[in-house]
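Letters A, B, ... are given to chains in the order of the sequence lines, protein chains preceding strands, and every chain is numbered from 1. Because only heavy atoms are used, hydrogens play no part in the values below, and waters and symmetry mates are left out as well, while side chains stay in.
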Number of protein chains: 2
Amino acid sequence: MIKKNKTAYCPVDYAFQRIGGKYKGRILWYLKDGIMRYGELKRIVEGITPKMLTQTVRELEEDKLIIRKVYKEVPPRVEYRLSETGKELIPFIDQMRIWGERQMAME
Amino acid sequence: MIKKNKTAYCPVDYAFQRIGGKYKGRILWYLKDGIMRYGELKRIVEGITPKMLTQTVRELEEDKLIIRKVYKEVPPRVEYRLSETGKELIPFIDQMRIWGERQMAME
DNA sequence: ACAAGTAGGTACAATTTGGTACCCTATAGA
DNA sequence: TCTATAGGGTACCAAATTGTACCTACTTGT
């Protein structure tokens, strides 16, 4: 991910810092329909390694875009869902998806 | 910039690959109102070095998000503007900006 | 004569990001 | 007993990205 500049003066910069990174957009997108467990995300986000998934969801949690809920069970269960702030991003990501689809079709 | 994966199966991924990177969002945003010259961009995109500006605009040009026009004059003159494809991204970036502003205000 | 404004280019170094391999706990099932 | 599954952690390494410093050519202004 792009290094967080705590004094980002530009809101465009600020926003891109929070959803930049190789997997963040996809993770947010896949969470749009509700709650997902760690293993589900790992299966659906193609190519992601456990390390990167953990790292990425932790960053999203720190930025308060998702909520991470740990159940103290064995075997462990951890659920992820969008926060209210995170949900606000979904329409934009949807626009990006539509744009991306059109571009991909044009190639 | 995130490495381009030519076989990006996911349109969300595809889109983020094209506007990821430390300065791309801001450059596109600053070009929304029309044509800008290299030097103008350098002044307005705070913190960017000449090398990164050149590199970034070339990548945006390759991805057909901006159009680069060189005038064979001395001193040199190079103008940048959004392509039609690039213009389509502006509403999205604008929403990101609004979201970013709100978040920044909440901190 | 010399600096500044143009729009860069290049080599190298530093930083950031991502990947590999291996480790953990505890339980259910064969 | 051995394996699989859950959701990770950690050390080390490789790759990608960004930054630093210095260079180019040509013209106008002082």
Side-chain angles (χ1 to χ4, degrees), chain A residues 1-8 10 13-14 16-27 30-31 35-63 66-81, chain B residues 1-8 10 13-14 16-27 30-31 35-63 66-81:
Chain A
M1 199 201 60
I2 296 163
K3 188 188 177 182
K4 237 169 285 176
N5 176 5
K6 296 290 183 189
T7 59
C10 172
D13 208 20
Y14 178 100
F16 275 85
Q17 282 174 12
R18 267 144 197 88
I19 59 161
K22 193 165 179 180
Y23 304 106
K24 287 192 179 175
R26 275 148 84 195
I27 290 178
Y30 291 132
L31 287 176
I35 290 171
M36 293 195 88
R37 293 186 61 179
Y38 180 92
E40 293 180 277
L41 282 172
K42 191 151 69 87
R43 279 186 292 275
I44 206 170
V45 180
E46 253 189 78
I48 200 167
T49 58
K51 182 196 137 185
M52 285 312 297
L53 179 52
T54 299
Q55 192 175 304
T56 306
V57 291
R58 292 293 165 86
E59 284 172 6
L60 289 170
E61 191 194 12
E62 250 186 78
D63 282 340
I66 67 172
I67 293 168
R68 182 168 168 272
K69 188 167 183 184
V70 183
Y71 293 85
K72 283 193 187 298
E73 300 175 357
V74 167
R77 186 153 66 100
V78 185
E79 290 180 348
Y80 300 92
R81 60 194 172 85
Chain B
M1 199 200 60
I2 297 162
K3 189 189 176 182
K4 238 170 284 175
N5 177 5
K6 295 292 184 187
T7 58
C10 171
D13 207 22
Y14 177 99
F16 276 87
Q17 282 173 11
R18 264 147 199 83
I19 59 161
K22 192 166 180 180
Y23 303 106
K24 286 191 179 176
R26 275 148 82 196
I27 290 178
Y30 291 133
L31 286 176
I35 290 170
M36 293 195 89
R37 294 185 60 179
Y38 180 92
E40 293 180 277
L41 282 172
K42 191 152 69 87
R43 278 186 292 274
I44 207 169
V45 181
E46 251 189 80
I48 199 167
T49 57
K51 183 197 136 182
M52 284 312 296
L53 179 52
T54 300
Q55 192 175 305
T56 307
V57 291
R58 293 293 165 84
E59 285 173 6
L60 290 170
E61 191 195 11
E62 251 186 76
D63 281 339
I66 67 172
I67 293 168
R68 182 169 167 271
K69 188 168 182 184
V70 183
Y71 293 85
K72 284 193 187 294
E73 299 174 1
V74 166
R77 186 152 67 100
V78 184
E79 289 180 348
Y80 300 92
R81 61 196 170 84

Which atom pairs link the protein and nucleotides 23-30 of chain C when you take only N or O atoms and keep those under 3.5 Å?
none

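Nucleotide D/dG8 holds its C1' atom 13 Å from the NZ atom of A/Lys72, rounded to whole Å. The NZ-C1' distance, from A/Lys69 to D/dA6, rounds to 18 Å in whole Å. To the nearest angstrom, C1' of D/dA6 lies 12 Å from CD of A/Glu40. One can place OH of B/Tyr38 at 6 Å from C1' of C/dA7, the figure rounded to the nearest angstrom. Residue B/Ile27 contributes atom CD1, which lies 11 Å from atom P of D/dT18 at whole-angstrom precision. Separating the CD atom of A/Glu61 from the P atom of D/dG7 is a distance of 15 Å, rounded to the nearest angstrom. Whole-Å rounding puts the B/Leu41 CG to C/dT6 C1' distance at 14 Å. Between the CE atom of A/Met52 and the P atom of C/dT16 there is a distance of 15 Å, given to the nearest Å.
The side chain of A/Lys51 places no N or O atom within less than 4.0 Å of a non-bridging phosphate oxygen (OP1 or OP2) of C/dC22. Contact annotation: A/Tyr80 reaches the phosphate of D/dG8 (side-chain N/O to OP1 or OP2, under 4.0 Å). In terms of phosphate contacts, B/Arg58 brings a side-chain nitrogen or oxygen within less than 4.0 Å of OP1 or OP2 of C/dG8.
Looking at the side chain of A/Val78, the nearest of the listed nucleotides D/dG19, D/dG8, C/dT20 is D/dG8. Of the listed nucleotides (D/dG19, D/dA6, C/dG18), D/dG19 has the atom at the smallest distance from the side chain of B/Lys22. Considering only side-chain atoms of A/Arg37, the nucleotide from D/dA6, C/dT6, D/dG8 that sits closest is D/dA6. Closest contact between the side chain of B/Tyr23 and the listed nucleotides C/dG19, D/dG19, C/dT6 involves D/dG19.
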In a table with atom names and distances, give each donor-acceptor pair under 3.5 Å that connects a side chain of residues 39-51 of chain A to protein atoms at least two apart or in another chain.
{"unit_1": "A/Glu40", "atom_1": "OE1", "unit_2": "A/Arg37", "atom_2": "N", "d": "2.8"}
{"unit_1": "A/Thr49", "atom_1": "OG1", "unit_2": "A/Met52", "atom_2": "N", "d": "3.3"}

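Not counting sequence neighbours, the partners of A/Arg68 by the side chain to side chain donor-acceptor pair (under 3.5 Å) test are A/Tyr80.
Residues A/Tyr23 and A/Arg26 form a side-chain contact, since some pair of their non-hydrogen atoms from C-beta on lies under 4.5 Å apart. Using a 4.5 Å cut-off on side-chain heavy atoms (C-beta onward), B/Ile27 and B/Leu53 make contact.
Taking a 6.0 Å sphere around CZ of B/Arg81, one finds it holds 12 or fewer heavy atoms contributed by other residues, nucleotides or ligands.
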